[in-house]
Amino acid sequence: MKILLTGFDPFDKEKINPSIELVKKLNEKIEGAQIFKIEIPTVFKKSGEILEENIKKIKPDVILCIGQAGGRSAISVERIAINIDDARIADNDGKKPIDEKIRIDGENAYFSNLPIKKIVEEIKKEKIPAEISNSAGTFVCNHLMYEALYLAEKYKNIRAGFIHIPYLPEQVLNKANTPSMDLENSLRAINIAIKTIINHNGEDLKISGGKIS
């Protein structure tokens with residue numbers, strides 16, 4: 001099995017992005033699967049282009065994208081990506097699209113085809129906070145997740161999804177009341193997620209992952 005794993009470069013004046021730091025530390029083989037690591041620029045259009053180039057080259061069975069979610073306290077396994085770019089801040093190329101479709105020929109939304117609820121439950125068994133997220137936002141993380149799922153359909157037989165991880169402790173020193181998670185726990189969580197993806201067959205767990213707000 002080949003797993004294409006992506007992390008982002010720093011953005012929004014941050015000096016570090018935990019997603020790429022985590023990706024760098026993961027082993028190149030997990031449960032017999034080959035892990036192919038790439039750094040994705042926090043740039044709307046370019047992120048999808050680089051992802052597709054690597055899909056063509058690597059021909060992965062699974063695409064797992066990792067991103068930073070400042071303000072979240074848990075590992076957030078994303079359920080859905082929507083076909084819209086609507087930026088509150090500029091990306092790393094200075095682009096700030098408003099209400100722009102990601103793919104004119106794409107669906108309004110795509111759902112992750114990974115066992116997202118099983119992943120959350122396995123992470124929680126290890127006493128690491130984890131949750132289903134029902135919104136990946138409208139910035140580059142959502143853009144890349146949407147592209148991953150669009151391209152998974154285009155190239156066939158690929159499973160794809162996205163996981164957000166919290167800020168690192170050093171990122172919140174001057175951000176009052178902002179949660180964080182140390183890299184070791186985030187790394188443990190993503191290792192668990194990958195092992196769950198590799199070993200899971202059949203349908204996902206039938207348990208609630210809904211929210212009322």
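Keep in mind that this is a model prediction, so the values were computed, not measured. Residues: numbered from 1 along the sequence shown.
Glu14 pairs by the salt bridge (Lys or Arg N to Asp or Glu O under 4.0 Å) definition with Lys175, not counting sequence neighbours. Asp105 meets the side-chain hydrogen bond (donor to acceptor under 3.5 Å, both in side chains) test with Tyr150; sequence neighbours excluded. Phe139 pairs by the ring-ring contact (aromatic ring centres under 6.0 Å, His included) definition with Phe11, Phe44, not counting sequence neighbours. Annotation: side-chain hydrogen bond (donor to acceptor under 3.5 Å, both in side chains) contacts of Asn142 (sequence neighbours excluded): none. In this view, Asn134 and Arg79 satisfy the side-chain hydrogen bond (donor to acceptor under 3.5 Å, both in side chains) rule, not counting sequence neighbours. Looking at residues two or more places apart in sequence or on another chain, you find a side chain to side chain contact (heavy atoms under 4.5 Å, CB included) between Asp9 and Glu39, Pro41, Thr42, Asn92. By the salt bridge (Lys or Arg N to Asp or Glu O under 4.0 Å) test, Arg72 pairs with Glu78, sequence neighbours left out.
One distance of note links CG of Leu187 with CG of Asp182; it measures 10.0 Å at 0.5 Å rounding. Note: Glu31 CD to Ile3 CD1 = 9.5 Å, rounded to the nearest 0.5 Å. Taken from CZ in Phe36 to CD1 in Ile55, the straight-line distance is 13.5 Å, to the nearest 0.5 Å. Atom CD1 of Ile38 sits about 4.0 Å away from atom CG of Asn54, to the nearest 0.5 Å.
Among pairs with a residue in residues 17-29, those fulfilling salt bridge (Lys or Arg N to Asp or Glu O under 4.0 Å) read Glu21-Lys24, at least two apart in sequence or across chains. Pairs engaging residues 134-146 under the salt bridge (Lys or Arg N to Asp or Glu O under 4.0 Å) rule: none recorded [sequence neighbours left out]. Residue pairs satisfying the salt bridge (Lys or Arg N to Asp or Glu O under 4.0 Å) criterion with at least one member in residues 118-138, sequence neighbours excluded, are listed as follows: Lys118-Glu122, Glu121-Lys124, Glu122-Lys125, Glu126-Arg188, Glu131-Lys211.
Listed here is the closest heavy atom pair of Gly71 and Pro179: O-CG, 3.3 Å. Residues Pro166 and Pro18 approach most closely at O-CG, 3.6 Å, considering heavy atoms. The nearest pair of heavy atoms linking Asp204 to Ile116 is OD2-N, 3.0 Å. Taking both residues in full, the closest heavy atoms of Ala152 and Ile158 are given as CB-O, 3.6 Å, listed atom of the first, atom of the second, then distance. Scanning both residues, Ser47 and Val140, for their nearest heavy atoms gives OG-CG1, 3.9 Å. The two residues Ile165 and Ser186 come nearest to each other via the heavy atoms CB-OG, 4.0 Å.
For the pair Asn27 (side chain) and Ile30 (backbone), a donor-acceptor distance under 3.5 Å is absent. Under the 3.5 Å distance criterion, the side-chain polar atoms of Ser19 are matched with a main-chain donor or acceptor of Phe8. Proximity of a side-chain donor or acceptor of Lys37 to a complementary backbone N or O of Leu26 within less than 3.5 Å is detected. Side-chain N or O atoms of Lys117 include one that pairs as donor or acceptor with a backbone N or O of Ile207 at under 3.5 Å. In terms of modelled atom types and a separation under 3.5 Å, the side chain of Asn199 and the main chain of Lys195 share a donor-acceptor contact. When atom types are taken as modelled, the side chain of Asp93 and the backbone of Lys95 share no donor-acceptor pair closer than 3.5 angstrom.
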Listing, residues 57-64 side-chain donor-acceptor contacts under 3.5 Å, not counting sequence neighbours, or none:
residue: Lys59; atom: NZ; partner: Lys56; partner atom: O; Å: 3.1
residue: Asp61; atom: OD2; partner: Lys2; partner atom: N; Å: 2.7

Distance-only criterion, 3.5 Å: show the donor-acceptor pairs between side-chain atoms of residues 81-88 and protein atoms not counting sequence neighbours.
residue: Asn83; atom: OD1; partner: Ile102; partner atom: N; Å: 2.8
residue: Asn83; atom: OD1; partner: Arg103; partner atom: N; Å: 3.0
residue: Asn83; atom: ND2; partner: Arg103; partner atom: O; Å: 2.8
residue: Asn83; atom: ND2; partner: Glu107; partner atom: O; Å: 3.4
residue: Asn83; atom: ND2; partner: Tyr146; partner atom: OH; Å: 3.3
residue: Asp85; atom: OD1; partner: His143; partner atom: ND1; Å: 3.0
residue: Asp85; atom: OD2; partner: His143; partner atom: ND1; Å: 2.9

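Inter-residue side-chain proximity for Arg159 and Ser112 is flagged as unmet; no heavy-atom pair is nearer than 4.5 Å. Between Leu168 and Ser180, every side-chain heavy-atom pair lies at or beyond the 4.5 Å cut-off.
A single hydrophobic cluster is not seen to contain both Phe111 and Val77; linkage of ILVMFWY side chains at heavy-atom distances under 4.5 Å, directly or through other members, places them apart.
When Thr6, Ile66, Val23, Ile20 are each tested for a side-chain contact (heavy atoms from CB on, under 4.5 Å) with Ile40, only one passes: Thr6.
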